[in-house]
Novice: 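Sending over a structure as structure tokens; questions will come in a sec.
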Amino acid sequence: MSIAENIARVREKIEAAARRVTRNPDQITLMAVTKTVSPQRIIEAYAAGIRWFGENRVLEFAAKVDAIGDRSDARWHMIGHLQTNKARRAVELFDAVDSVDSLHLARKLNLAAAGLPEKMPVLIEINIAQEASKSGLGPDSSEFEDLLAAAPELASLDFQGLMTVPPYSEDPENSRPYFRKMHALFEEIGHRRLASIRMNVLSMGMSHDFEVALEEGATLVRLGTAIFGERPPAGSNR
Ligand SMILES: *Cc1c(COP(=O)(O)O)cnc(C)c1O
């Protein structure tokens with residue numbers, strides 16, 4: 001299957017999942033995750049209509065960005081764990097950081113974004129199952145509350161919502177309770193009407209579980225494998 005065919009198939013599935021829960025498919029964003037994907041294949045996805053892209057590593061994207069070329073209507077999001085010493089580079093390279101996982105990182109990004117003409121869009125990453133192996137703030141953690149409370153001081157950042165990666169399971173139904181919990185958190189924070197915090201984006205769902213995520217209220221799904229095929233195993237020479 002070509003990238004364009006994969007994208008067409010994924011779009012059909014997004015539409016079907018949205019209709020099952022009477023949601024408007026036009027209000028769902030498809031993000032193509034391009035880690036390990038070559039510039040040429042990224043351009044193929046762009047040609048097939050994708051405009052939202054996610055990358056996990058600053059240096060990998062930096063190495064590809066020239067070859068991808070000027071596609072200024074595309075949006076490039078950092079979605080992987082960001083070390084604070086790369087915050088400045090990330091702000092230069094990306095249009096948004098969807099993986100803000102500490103108050104310290106938010107402060108660094110805020111400083112780095114101070115000179116930008118517009119605020120830097122960010123999402124707060126939540127470690128919904130509180131897995132030791134994963135980054136993200138605990139949904140009930142004091143650091144999460146501290147970050148929400150600090151948002152008005154972080155005036156170069158535009159807090160738009162939440163992102164999560166639930167525990168991996170072969171059976172996507174096992175992700176459903178986590179997606180449901182994320183949606184409840186998203187709604188609860190939205191209802192609090194906190195200063196400088198918007199809750200417009202709920203980024204959750206990957207290739208194996210995006211349909212369940214959409215049924216549970218995701219506004220944005222992040223798909224790599226379903227668009228580009230299997231990646232080389234992590235740690236292999238890529
Ligand atoms: C790799 C990755 C994805 C996409 O994963 P697939 O299973 O290939 O769709 C989505 N989100 C994040 C944060 C990722 O690292």
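Atoms within each ligand, like the ligands themselves, are counted from 1 in listed order. Bear in mind that the values here come from a model prediction, so they are computed numbers and not experimental data.
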Novice: Counting from 1, what ligand 1 atoms have a heavy atom of N56 closer than 4.0 Å?
Specialist: 14 (C), 15 (O)
Novice: Suppose we measure from atom 11 (N) of ligand 1 to each protein heavy atom; which comes out shortest, and what is that distance?
Specialist: R222 NE, 2.9 Å
Novice: Are any non-hydrogen side-chain atoms of R11 and L30 less than 4.5 angstrom apart?
Specialist: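 Of all side-chain heavy-atom pairs linking L30 with R11, at least one is under 4.5 Å.
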Novice: Quick one: pull up OG in S2 and CD1 in I227 and give me the separation to the nearest 0.5 Å.
Specialist: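 Here the interatomic distance stands at 11.5 Å.
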Novice: Under 3.5 Å between any N/O of T225 and any N/O of ligand 1: does that happen in this structure?
Specialist: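 Yes: some nitrogen or oxygen of T225 is under 3.5 Å from one in ligand 1.
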Novice: Would I68 and R71 satisfy side-chain contact (heavy atoms from CB on, under 4.5 Å), going step by step from the backbone distance to the final call?
Specialist: CA-CA 8 Å; I68 294 166; R71 292 166 206 278; 4.2 Å; yes
Novice: Please could you name the atoms of ligand 1 that L223 approaches to less than 4.0 Å, counting only its heavy atoms?
Specialist: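 The atoms of ligand 1 under 4.0 Å from a heavy atom of L223 are 9 (O).
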Novice: Check whether the ring centres of W76 and F53 lie less than 6.0 Å apart, and answer yes or no.
Specialist: yes
Novice: Measure the distance from atom 5 (O) of ligand 1 to every protein heavy atom, then report the residue, atom name and distance (to 0.1 Å) of the closest one.
Specialist: M206 CE, 3.5 Å
Novice: I'd like to check whether G224 has a polar contact with ligand 1, where a contact means an N/O of the residue lying under 3.5 Å from an N/O of the ligand.
Specialist: yes
Novice: Got the closest protein heavy atom to atom 12 (C) of ligand 1, with its distance?
Specialist: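 The protein heavy atom lying closest is I79 CD1, 3.6 Å.
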Novice: For H77 and D95, does a side-chain donor sit closer than 3.5 Å to a side-chain acceptor?
Specialist: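 Side chains of H77 and D95: no pair found under 3.5 Å.
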Novice: Would you check if there is a donor-acceptor pair between the side chains of E55 and T34 at a distance under 3.5 Å?
Specialist: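 T34 vs E55: donor-acceptor pair found between side chains.
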Novice: Tell me whether ligand 1 is touched by K35 - counting only heavy atoms on the residue side and a distance under 4.0 Å.
Specialist: yes
Novice: Determine whether the side chains of Y178 and D209 contain a donor N or O and an acceptor N or O closer than 3.5 Å.
Specialist: no
Novice: May I ask you to identify the nearest protein heavy atom to atom 9 (O) of ligand 1, giving residue, atom name and distance to one decimal place in Å?
Specialist: S207 OG, 2.5 Å
Novice: Quick one: does M31 get a heavy atom under 4.0 Å from ligand 1?
Specialist: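 No; M31 lies far enough from ligand 1 that no heavy-atom distance drops under 4.0 Å.
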